[in-house]
Amino acid sequence: MPSPNEILSQLKKVKYPGFTRDIVSFGIVKDIEVAYAGVTVFLVAPSANPEVVSKIVDEVRGTVAAMPGVPEVRVEVEQPAPSPTPREAAAGHKREIPGVAHVVAVASGKGGVGKSTVAVNLALAMKALGWRVGLMDADVYGPSLAMMVGADAPVKVTPERRIVPLERYGIRYVSMGLFVRDQQAVIWRGPMVTKLEMEFLFNVEWGELDCLVLDLPPGTGDAQLTITQRARLDGGVIVTTPQEIALLDVRRGVQMFKEVNVPVLGVIENMSYYVCRSCGSRHQIFSHGGGERLARELGVTFLGELPLVREVREGGDQALPLVALNPSHPVSGAFKSVAARIIEELQKTG
Ligand SMILES: Nc1ncnc2c1ncn2[C@@H]1O[C@H](COP(=O)(O)OP(=O)(O)O)[C@@H](O)[C@H]1O
Ligand SMILES: [Mg+2]
């Protein structure tokens with residue numbers, strides 16, 4: 001018969017459904033009992049989703065049963081103690097970011113869909129609607145915010161060694177790019193990155209903010225999960241493009257936020273269509289409407305579609321984001337209406 005420790009190391013090979021992280025590191029395995037009659041594995045119900053729970057139970061049973069000398073496997077799932085509200089429960093082990101009233105994370109399944117562009121312009125749109133806004137680029141591997149908003153000042157640190165955000169177009173921002181610029185991005189390894197990100201999240205002297213917009217690294221893997229798990233987020237926004245392949249990632253994004261009890265504020269379809277400059281007509285470059293369809297199917301809000309326009313790209317490349325440069329552009333209007341919906345949603349949930 002294997003020892004509890006041997007069983008535990010086998011269980012480290014069981015991945016949490018939809019994630020690259022295993023169930024042991026997630027803290028789901030509570031105890032392992034080895035007796036003459038067989039092995040009992042005690043799990044803490046990790047999710048309210050019965051499908052996820054039964055998938056984990058099946059995999060645990062299969063993994064342990066496949067070990068030599070195990071006559072029988074029992075899996076006991078303990079329901080977590082009921083708490084006043086799911087939000088409070090989620091907030092319980094999550095850290096607040098000092099001075100910040102709301103935190104909204106912008107996520108995407110992959111890079112290049114315009115996540116940073118949306119994060120920047122959304123932040124500016126919230127500012128235009130009267131909110132005090134901060135923006136943080138948490139993407140070490142491809143930090144682009146510094147370029148998009150123009151990072152021309154050296155980063156300052158307070159005597160208490162807290163990072164002072166830069167200010168541009170009336171919003172405060174910090175970017176990992178300001179710190180790792182001179183280093184090769186490839187030397188940054190997972191745990192180091194996560195540590196740096198946590199330092200960033202909690203060590204910035206934001207002052208008073210109504211909202212901090214977090215530009216998450218692209219993807220829905222461990223780095224994103226760590227951030228969404230440890231910081232008290234008020235909502236997640238998922239950016240996608242209309243291609244089928246990008247839409248698949250929307251599901252993962254929604255699942256990631258749900259697993260960590262962060263409400264999904266909605267899905268934005270970027271580069272949804274192209275407006276011809278000379279004839280003014282609308283061209284569907286990719287199939288269209290998938291974002292809205294999928295949002296409906298997943299039961300989350302569709303926040304809107306943003307066209308592919310040259311001014312957006314130029315603004316990004318020249319540190320002149322569209323909403324700041326040209327507030328009356330129709331696309332700036334689109335960003336503002338998305339921002340207004342998000343603000344409304346955040347005020348509703350408190
Ligand atoms: N709606 C849009 N219209 C035109 N160009 C866009 C649009 N959204 C993003 N881009 C451009 O696409 C590129 C990738 O966008 P970016 O925001 O860096 O993506 P991500 O952060 O998802 O990797 C940038 O050059 C950006 O200016
Ligand atoms: Mg980006």
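Counting convention: from 1, in listed order, for ligands and their atoms alike.
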Asks: Could you report the tightest heavy-atom contact between Pro307 and Val331, atom names first, then the distance?
Replies: CG-CG2, 3.5 Å

Asks: For atom CZ of Arg132, decide whether the heavy atoms of other residues, nucleotides or ligands shown that lie under 6.0 angstrom number more than 12.
Replies: yes

Asks: Got the closest protein heavy atom to atom 5 (N) of ligand 1, with its distance?
Replies: Arg313 CB, 3.5 Å

Asks: What protein heavy atom sits nearest atom 8 (N) of ligand 1, and how far away is it?
Replies: Asn270 ND2, 2.9 Å

Asks: Looking only at heavy atoms of Gly112, does any of them come nearer than 4.0 Å to an atom of ligand 1?
Replies: yes

Asks: Distance to 0.1 Å, residue and atom name: give those for the protein heavy atom nearest to atom 17 (O) of ligand 1.
Replies: Thr117 OG1, 2.5 Å

Asks: Specify the protein heavy atom at minimum distance from atom 18 (O) of ligand 1: its residue, its atom name, and the distance to 0.1 Å.
Replies: Met148 CE, 3.4 Å

Asks: Tell me: protein heavy atom nearest atom 19 (O) of ligand 1, and distance?
Replies: Gly114 N, 3.0 Å

Asks: For atom 22 (O) of ligand 1, which protein heavy atom lies nearest, and how many Å away is it?
Replies: Lys115 N, 2.8 Å

Asks: Quick check for you: to the nearest 0.5 Å, what is the distance between Ile171 atom CD1 and Leu135 atom CG?
Replies: 5.0 Å

Asks: Is there a donor in the side chain of Asn270 and an acceptor in the side chain of Ser272, or the other way round, less than 3.5 Å apart?
Replies: no

Asks: Mind checking whether Arg74 and Val39 have side chains closer than 4.5 Å, heavy atoms only?
Replies: no

Asks: Within the structure, is a non-hydrogen atom of Pro307 found at a distance of less than 4.0 Å from ligand 1?
Replies: yes

Asks: Could you name the option among Val120, Val312, Asp215 that has the heavy atom nearest to atom 7 (C) of ligand 1?
Replies: Val312

Asks: Starting from atom 4 (C) of ligand 1, which protein heavy atom do you reach first, and at what distance in Å?
Replies: Val309 O, 3.0 Å

Asks: Please report which non-hydrogen protein atom sits nearest to atom 10 (N) of ligand 1, along with the residue it belongs to and the distance in Å to one decimal place.
Replies: Met271 CE, 3.9 Å

Asks: Counting backbone and side-chain atoms alike, does Ser116 have an N/O/S atom under 2.8 Å from the Mg ion (ligand 2)?
Replies: yes

Asks: To the closest 0.5 Å, what do you measure between OG1 (Thr240) and CG (Leu294)?
Replies: 8.0 Å

Asks: With rounding to the nearest 0.5 angstrom, report the CZ to CD1 distance, Phe202 to Ile163.
Replies: 12.5 Å

Asks: Side chains of Thr220 and Arg251 only: does a donor on one sit below 3.5 Å from an acceptor on the other?
Replies: no

Asks: Quick check: Ser108 and ligand 1, any N/O pair under 3.5 Å apart?
Replies: no

Asks: Numbering the atoms of ligand 1 from 1, which are under 4.0 Å from a heavy atom of Ser116?
Replies: 17 (O), 20 (P), 21 (O)

Asks: Salt bridge (charged side-chain N to carboxylate O under 4.0 Å, His left out) for Glu345 and Lys348? Distances and angles first, verdict last.
Replies: CA-CA 5 Å; Glu345 206 52 45; Lys348 234 190 273 170; 3.3 Å; yes

Asks: Side chain or backbone of Val118 under 4.0 Å from ligand 1, or both, or neither, by non-hydrogen atoms?
Replies: neither

Asks: Would Leu306 count as a contact residue for ligand 1, given that I'm defining contact as a non-hydrogen atom of the residue lying under 4.0 Å from a ligand atom?
Replies: no

Asks: Hey, could you give me the OG1/CD1 distance between Thr63 and Ile7, rounded to the nearest 0.5 Å?
Replies: 11.0 Å

Asks: So does Lys15 have more than 12 non-hydrogen atoms from other groups sitting under 6.0 Å from NZ?
Replies: yes

Asks: Under 4.0 Å from atom 2 (C) of ligand 1, do we find at least one protein heavy atom?
Replies: yes

Asks: Distance under 4.0 Å to a non-hydrogen atom of Gly111: what atoms of ligand 1 satisfy this?
Replies: 23 (O)

